[in-house]
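Quick notes on the structure that follows.
Quick note on labels: first sequence line is chain A, next is B, and so on, each numbered from 1.
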Protein chains: 2
Amino acid sequence: MRMSTKAQYAVRALVSLNLNGDGGPVSIKKISDCESISLNYLEQLFVKLRRGQIVRSVRGPGGGYVLARPADEIRVDEIIDTVEETLVPVSCMENDGSCNCDSRCATQSVWVGLGDRIRSFLASMTLDDLTREGRKRLEL
Amino acid sequence: MRMSTKAQYAVRALVSLNLNGDGGPVSIKKISDCESISLNYLEQLFVKLRRGQIVRSVRGPGGGYVLARPADEIRVDEIIDTVEETLVPVSCMENDGSCNCDSRCATQSVWVGLGDRIRSFLASMTLDDLTREGRKRLEL
DNA sequence: TATATAACTGTCTATTTTTGTCAGGTATTT
DNA sequence: AAATACCTGACAAAAATAGACAGTTATATA
């Protein structure tokens, strides 16, 4: 049960973007340097984040990325949704009926319930929450 | 964010074991047939489950596995702990200080919090709960 | 207008993890 | 003794992950 580094990178990159932003665009290069994340890999993530309406791109010199919405309107679960596929813990639900003992369906309730908890927890936090926490840490 | 099939198999196998048990031991072969899980793979899982004090083995003809404890004392999180390493969503905490912008630490709080939720949810369910649910489904 | 900058795009690849398979060995009941 | 079933370790296919690479396109500024 691991959150992929893809998701972790995406969240970290966006917190970094918001911390360093000051309104203007922040280049992927800068985020890559700050966060020690491969530039090429970040580019792939930001393509998805742009398509997912999390960020807007600004081309040309001095360009980069800005948040597409206020930070307090960007939930963590949205971020993860845009870069990876699912927060549901199992693929499940093929339900081809091949199992005659049917403990499969009994266990589904665990994973569905777990998925709900994961979702609601991540939906309860916004990028703004994390950024405030990050700022607090920087002051120490 | 996926629960590994290893963990899913372990939980399903134990529910199946408890459903088909009737006090006596159930062979891995039977569970394998019922659940359509590779016999060899199940063997590997049950080695861990035995070491984790979840099941006891009974050797010889008519042998198999029995629960080492009453089903209502076996929590789902225990099961998953014994077959896979972690319920903490990130590897994290290397904390080599290489990141000067330090959004890394800010995001850790998300994953730690998430890990807590996952843990407490899975700890709130026992094998007995799942088995009852399985029995209910069989009656329909 | 030229040039530097930085986003954009698609393809390819090395590595790791997952999910098993296979070939035997060992213990125990009948 | 023989059948049953657990036990063990080595090996392997397949998928996911993380990232490299080689370009193309858009735009601000000199």
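Distance A:Lys30 NZ to C:dT5 P: 16 Å, rounded to the nearest Å. Whole-Å rounding puts the B:Arg2 CZ to C:dT19 P distance at 10 Å. The CZ atom of B:Arg56 sits 12 Å away from the P atom of D:dC7 (whole-angstrom rounding). The distance between atom CG of B:Leu39 and atom P of D:dT8, rounded to the nearest whole Å, is 16 Å. If you measure from atom CD1 of B:Ile28 to atom P of C:dT21, you get 13 Å, rounded to the nearest angstrom. Rounded to an integer number of Å, the gap from B:Met3 CE to C:dT19 P is 12 Å. What separates CD1 of A:Ile37 from P of D:dT17 is a distance of 16 Å, to the nearest Å. Between the CD atom of B:Glu35 and the P atom of C:dT19 there is a distance of 16 Å, rounded to whole Å.
By the side chain to side chain contact (heavy atoms under 4.5 Å, CB included) test, A:Ala68 pairs with A:Arg56, sequence neighbours left out. By the salt bridge (Lys or Arg N to Asp or Glu O under 4.0 Å) test, A:Arg132 pairs with A:Asp128, A:Asp129, sequence neighbours left out. Listed by chain and number, the residues in a salt bridge (Lys or Arg N to Asp or Glu O under 4.0 Å) with B:Arg69 are B:Glu78 (sequence neighbours excluded). Checked against side chain to side chain contact (heavy atoms under 4.5 Å, CB included), A:Gln44 has the following partners two or more places apart in sequence or in another chain: A:Tyr41. With sequence neighbours excluded, the residues that form a side chain to side chain contact (heavy atoms under 4.5 Å, CB included) with B:Ser124 are B:Phe121. Looking at residues two or more places apart in sequence or on another chain, you find no side chain to side chain contact (heavy atoms under 4.5 Å, CB included) involving A:Arg59.
Between D:dA20 and A:Ser38, a contact under 4.0 Å exists linking OP1 or OP2 to a side-chain N or O.
Salt bridge status for A:Asp81 with A:Arg119: present, with a side-chain N to carboxylate O gap under 4.0 Å.
Chaining together hydrophobic side chains whose heavy atoms lie under 4.5 Å apart places B:Val58 alongside B:Val66.
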Task: Dot-bracket notation for DNA chain C, counting Watson-Crick and G-U pairs under 3.5 Å, with | for partners on another strand - done: ||||||||||||||||||||||||||||||
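A:Asn20 places a side-chain N or O within 3.5 Å of a backbone atom of A:Ser16 that can act as its donor or acceptor partner.
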Protein-nucleic acid N or O pairs under 3.5 Å, nucleotides 8-12 of chain C:
residue, atom, partner, partner atom, Å
C:dC8, OP1, A:Arg50, NE, 3.2
C:dC8, OP1, A:Ser57, OG, 2.4
C:dC8, OP2, A:Arg50, NE, 3.3
C:dC8, OP2, A:Tyr65, OH, 2.2
C:dC8, O4', A:Arg59, NH2, 3.2
C:dC8, N4, A:Glu43, OE2, 3.3
C:dT9, OP2, A:Arg50, NH2, 2.9

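Nearest-nucleotide mapping onto DNA chain D: of A:Tyr9 and A:Gly60, the residue sitting toward the 5' end is A:Tyr9.
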